Q: 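The structure under discussion is supplied below as structure tokens; questions concerning it will follow.
From a predicted model like this one, the values you see are computed outputs, not experimental measurements. Counting from 1, the numbers follow the sequence of the chain as shown.
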Amino acid sequence: QAAAALRESEEKFSTLFASMTETVVLYDLVNDARGQPVDYRVVDCNRAFLQQTNVAREAALGRLASDVFGVPVPPGLEEYSRVVQTGEPCRFESHLARPDVYLATSVVPMGRNRFATISSDVTAVRKAQRMLAAKNKELERIVYVASHDLRSPLVNVDGYGRELEFALTEIIEILECGEPVSARLEPKLRELLPDMMESLRHIRGSSKQMDGLLKGLLKLS
């Protein structure tokens, strides 16, 4: 009965190990002559290892991680060494250059110089975050340029509006002086009307420019 229970338990964990979508790998930490961690060796891994690394299980078993991943220093060596030395599990993210994937990895100690990793592919999430960051920067640039370009016609409207205000103030002063105004008003109007017409043209031109910018922003949004 004990043997049957053990066999059933092994089958459960074997099925779970093989069918998990996360990559599960068992490693041995490799130290140099001074006892310093320099690499780690693949002891076992599930089928997801192939999907995540493009390395078949048979090609990885018993090999050093530096050979499997084709790098002088295998990824996560510092974190893995710390877990083995302290016996405390940890979680971190790493990047594999070949293939180009980002992994979220949980590391657990498994006894003397041995540890296991459970890794999830978070490449799509990281790429989406990078795309979102790029879009946010692009939006910031658009807002900055739009704010600058919208301010320019507003300055024109305000400036030429003041010119009209000054001209109208002079006319009102003549009208309200209480004296016959015809002799004074006509020359003043002839003097001011060209500037007033010019101010109106600039105001209308600036309004049209601002309208075009706002329509462009609405179209973009």
Side-chain angles (χ1 to χ4, degrees), residues 21-23 51-54 69-73 75-79 82 90-107 118-221:
T21 56
E22 293 83 0
T23 299
Q51 300 171 348
Q52 202 168 84
T53 64
N54 286 337
F69 300 123
V71 291
V73 179
L77 178 61
E78 182 180 345
E79 289 81 4
R82 186 164 56 248
C90 78
R91 189 177 189 277
F92 68 99
E93 288 194 9
S94 60
H95 176 244
L96 293 181
R98 197 177 57 180
D100 182 18
V101 295
Y102 289 85
L103 302 177
T105 302
S106 295
V107 193
I118 303 172
S119 303
S120 301
D121 189 339
V122 293
T123 306
V125 175
R126 294 296 162 263
K127 287 182 176 178
Q129 288 175 339
R130 287 203 304 270
M131 184 182 298
L132 181 60
K135 289 294 182 185
N136 282 337
K137 286 184 179 179
E138 183 181 350
L139 183 59
E140 287 174 6
R141 288 195 297 269
I142 290 171
V143 169
Y144 174 79
V145 172
S147 301
H148 179 272
D149 288 352
L150 283 169
R151 181 171 174 76
S152 178
L154 275 175
V155 169
N156 286 341
V157 169
D158 182 64
Y160 288 107
R162 285 177 181 273
E163 292 292 329
L164 281 175
E165 184 180 11
F166 295 150
L168 288 171
T169 300
E170 290 188 50
I171 293 171
I172 291 170
E173 287 175 354
I174 295 173
L175 291 173
E176 292 181 346
C177 69
E179 301 174 2
V181 297
S182 58
R184 296 175 56 195
L185 186 59
E186 183 176 346
K188 178 56 71 173
L189 286 175
R190 292 187 182 279
E191 176 190 341
L192 295 177
L193 280 176
D195 290 338
M196 293 171 72
M197 292 299 296
E198 182 70 15
S199 295
L200 284 171
R201 278 196 296 270
H202 281 290
I203 289 172
R204 295 203 63 190
S206 296
S207 298
K208 185 180 286 188
Q209 181 186 357
M210 198 183 306
D211 183 60
L213 286 167
L214 289 171
K215 284 179 179 176
L217 284 173
L218 285 171
K219 186 176 181 181
L220 179 65
S221 68

Q: Indicate the atoms forming the closest heavy-atom contact of Val101 with Asp121, along with that distance.
A: CG1-OD2, 4.1 Å

Q: When rounded to the nearest 0.5 angstrom, what is the spacing between OG in Ser106 and CD1 in Ile118?
A: 6.0 Å

Q: Are the charged groups of Arg141 and Glu138 less than 4.0 angstrom apart, N to O?
A: no

Q: Please evaluate residues Glu93 and Arg126 with respect to the criterion side chain to side chain contact (heavy atoms under 4.5 Å, CB included), reporting the C-alpha separation (whole Å), side-chain torsions for both, the decisive distance (0.1 Å), and the verdict.
A: CA-CA 11 Å; Glu93 288 194 9; Arg126 294 296 162 263; 2.3 Å; yes

Q: Please determine, by modelled atom types, if Thr23 and Ser119 share a side-chain donor-acceptor pair under 3.5 angstrom.
A: no

Q: What is the minimum heavy-atom distance between Tyr160 and Ile203, and which atoms define it?
A: CB-CG1, 3.8 Å

Q: Is there side-chain contact between Leu192 and Ile171, with heavy atoms separated by less than 4.5 Å?
A: yes

Q: Please report the shortest heavy-atom distance between Ser120 and Gln52, naming the atom on each side.
A: C-NE2, 4.0 Å

Q: What distance separates Lys135 NZ from Ile142 CD1, expressed to the nearest 0.5 Å?
A: 8.5 Å

Q: Looking only at heavy atoms, what is the nearest atom pair of Gly76 and Phe92, with distance?
A: CA-CZ, 4.0 Å

Q: Look at the side chain of Ser206 and the backbone N and O of Asn156, then say whether any donor-acceptor pair between them is shorter than 3.5 Å.
A: no

Q: In Å, rounded to the nearest 0.5 Å, how long is the span from OG of Ser152 to CD of Gln209?
A: 5.5 Å

Q: CG of Leu77 to CZ of Arg82: how many Å apart, nearest 0.5 Å?
A: 10.5 Å

Q: Can you check whether Thr105 reaches Arg91 side chain to side chain, under 4.5 Å on heavy atoms?
A: no

Q: Can you confirm whether Arg190 is buried at CZ, in the sense that more than 12 heavy atoms of other residues, nucleotides or ligands lie under 6.0 Å from that atom?
A: no

Q: So, are Glu191 and Lys188 salt-bridged, with charged N and O less than 4.0 Å apart?
A: yes

Q: Under 4.5 Å between any side-chain heavy atoms of Asp195 and Leu164, yes or no?
A: no

Q: As an exercise, state the distance from CZ of Arg151 to CG of Asp158, rounded to the nearest 0.5 Å.
A: 9.0 Å

Q: Write down the atom of Thr53, the atom of Phe69, and the distance for their closest heavy-atom approach.
A: CG2-CE2, 3.8 Å

Q: Can you measure from OG1 (Thr169) to CZ (Arg162) and round to the nearest 0.5 angstrom?
A: 11.5 Å

Q: Check Leu213 against Asp149 and note the closest heavy-atom contact, atom names and distance.
A: CD1-O, 3.4 Å

Q: Just so I know, are the side chains of Met196 and Leu193 near enough to count as touching, which here means a heavy-atom distance under 4.5 Å?
A: yes

